[in-house]
Amino acid sequence: MLRTHTCGQLGEGQIGETVTLCGWVDTYRDHGGGLFVDLRDRYGLTQVVFNPPDTPAEVIEASKTLRAEFVLQVTGTVAARPEGMANAKMATGKIELRVTGYELLNKSLTPPVSPSGKEEVPGEDLRLKHRYLDLRRPEMQKVMMQRASIIKGMRDYFAERDFIDIETPVLGRSTPEGARDYLVPSRVHRGAFYALPQSPQLYKQILMVAGYDRYVQVARCFRDEDLRADRQPEFTQLDVEMSFVDQDDLLALIDGLVAKLAKEELGIDVPTPLPRMTYDEAMERFGHDAPDLRFGLELIDCTDLASEAEFRVFSAVAKSGGRVRGINAKQGTKHFSRRGIDGLTKYVAEYGARGLAWFRVEDDGKLNSTIAKNFTPELLEKFGERMDAEPGDLLLFVADQYEVTCKALYALRSKIGREMELYDPKTMNFSWIVEFPMFDYDDEAKCWHAMHHPFTAPLADHLEMLETDPGKCRAQAYDLVINGSEAGGGTIRIHDAEIQKKVFTLLGIDEKTATERFGFLLDALQYGAPPHGGIALGIDRWVMLFAKLDNIRDCIAFPKTQKASDLMTEAPGEVDTMQLKELHIKLDE
RNA sequence: GGCGCCGUAGCUCAAUUGGUUAGAGCACCGGACUGUCGAUCCGGAGGUUGCGGGUUCGAUUCCCGUCGGCGUCGCCA
């Protein structure tokens, strides 16, 4: 070992000891007669002092060439700092290392991204290009360590409960369900391609058939879709599958994990079982299947009242099967000026809303707006009652098809909640959304799609609806929601060939297609498949939420940019024509 | 693919309605200094204003295109 201690380790207990530290020059302070260096490693900072009489003159002389991010091995004596010189801001601030000699292990160019807190954090493109410097920043190291701790906490939790960690292939076959696949051309099989897994879904079900009744894996997954602040093309799931369990067993298992990690990582007690809400209720009350439950501002239906209004925008929508729903921004008139409301109107337009109807609640309790003349006073009063209107409130309505009111009002609710600071961003909220629809209808293709995946089991008492009313059929599917983010999701799977056949029929997948796409799973299910189900947790998002970060890149060591490139390695890159030839690939142009 | 924001010194930013030689802090280089801790003081160097085109007597500023970063819609079973 080149060192005896780390830079975060020394304290008054080691005073008088001769020690050797290794680390990077965080800052240096040259005083002519001597100099001070704050030496950094991932454990902390220690002040090392090159001063007479402890440090020989020639060592002091040499130390004057030290610069930021040089790598040093320093040996010296741990000493208490002189009277009044302790630094309360440093964990090691009561002591210092009086250097007797040092070895320059390496030099550094002037860093474009400064790992010390001395310069402001540069733009993200530079941070990604010089990721080795960015990752050297204590803030980033803290997140990486927290990520490791969360993953270890998960692994321990499942290991303690007899789960077996089994790896599944990264090179698999493409199944046209779901997201766009990343493809890998086969050299051996001309014209054939592997696909990188969107999740180990089919393998883990096969493992259940194989009798490994408790499976867990930290699995890398790939989806070739456009990126977002909380979405990367490759991401990590904590993948779990169990046999001989029902939905309650699965949820209780994850409840325990949430409680454990919330306690260990954040020091908070999360009561279990976590609250559960059905999908239908979430859509009705919040307009979204992953509502942020840290604040209210719920959606309130006024379709019945709207149908009575002279106001054509309301009545026409109400009478043609649409919905008129609103939210009450409590005391929002102070926060949103007329101009601010115009801004909100533009905002909901991005989500397909054709307009935003609004009322201010005046001091006398009456609703006032440019559109108020289209309503009788009696009707306005009814709206006020329904919306729980009080003086100072701002009522906002969207009239449109149900889906549009959901999207627009969900977005509006999130924006207003954030801007009016209706919740403390530090608080954590965990909950389950359950009973997702089995299918949604594709208007363009005029067919049903599996909402989760085609092996999802319907609720036991919804079996008949597979034939009578697929749109109402609900699934044994559940999502874990943390602070309005989908942090995990899973289902109980179909293990009955008859039900599976019905689902395929409904999805328009004939026997031939089913065999082509996932014949191996259907085969396996015929050889004694146990009842089984599972869940996958988005580890990157967990870390993002636990670390209070606002984007997922900051909790991934080497993330991709919005255009899915790696600025450090410059991946993806072009390849040699020879490589393409071997893969039987010709490019256009 | 659509919409929006951004791009000026190594880094973070500034620059009047479009007007002289594009500035500041930090970093860097040289010097001074025996206790600092974002050390301080003195001096210096550092620019294809992302790139290409246009408007103009004159463009960092206005317009078009393009590249890149971010956010978002579509997309993401």
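So that the names make sense, note that chain A is the first sequence line, chain B the second, and so on, each numbered from 1. Note: hydrogens, waters and symmetry copies are ignored here, and every other heavy atom, side chains too, is used. All of these numbers come straight from a predicted model, not from anything done at the bench.
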Out of B/rA39, B/rG69, B/rG35, which has the shortest distance to the side chain of A/V49? B/rG35

Distance-only donor-acceptor pairs under 3.5 Å for side chains of residues 344-351 of chain A, two or more places apart:
| residue | atom | partner | partner atom | Å |
| --- | --- | --- | --- | --- |
| A/T345 | OG1 | A/I341 | O | 3.0 |
| A/Y347 | OH | A/Y351 | OH | 3.4 |

Checking B/rA39, B/rC26, B/rA77 against the side chain of A/H31 (C-beta onward), the nearest is B/rA39

B/rG44 and B/rC5, which share atom name C1', separated by this distance in whole Å: 38 Å

Does B/rA39 have OP1 or OP2 under 4.0 Å away from a side-chain N or O of A/R29? yes

Base-pairing assignment for B/rU60 (Watson-Crick or G-U wobble, both under 3.5 Å): none

Test of ring centre spacing under 6.0 Å for A/H288 and A/F286: no

Of all the choices, B/rG35, B/rA77, B/rC28, which nucleotide is nearest to the side chain of A/Y28 once you look at every atom? B/rC28

Choosing from B/rC33, B/rU72, B/rA77, which nucleotide comes nearest the side chain of A/D30? B/rC33

C1' gap between B/rU61 and B/rG19, integer Å: 11 Å

Quick note, A/R553 side chain, CB onward, closest among B/rG10, B/rG38, B/rG71 is B/rG71

Of the nucleotides B/rC11, B/rU72, B/rU36, which has the atom closest to the A/R81 side chain? B/rU36

Identify which nucleotide among B/rU12, B/rA27, B/rG35 has an atom closest to any side-chain atom of A/P82, counting heavy atoms from C-beta outward. B/rG35

Per atom distances to the A/H452 side chain, the nearest of B/rA77, B/rC76, B/rU36 is B/rA77

With respect to the side chain of A/P122, which nucleotide from B/rC37, B/rC76, B/rU12 is positioned closest? B/rU12

Assess whether one donor atom and one acceptor atom, taken from the side chain of A/R231 and the base of B/rC76, lie less than 3.5 Å apart. yes

Selection from B/rG74, B/rC26, B/rC37 that lies nearest to any side-chain heavy atom of A/K118: B/rC26

Using the C1' atom in both, what is the distance from B/rC70 to B/rA32, to the nearest Å? 45 Å

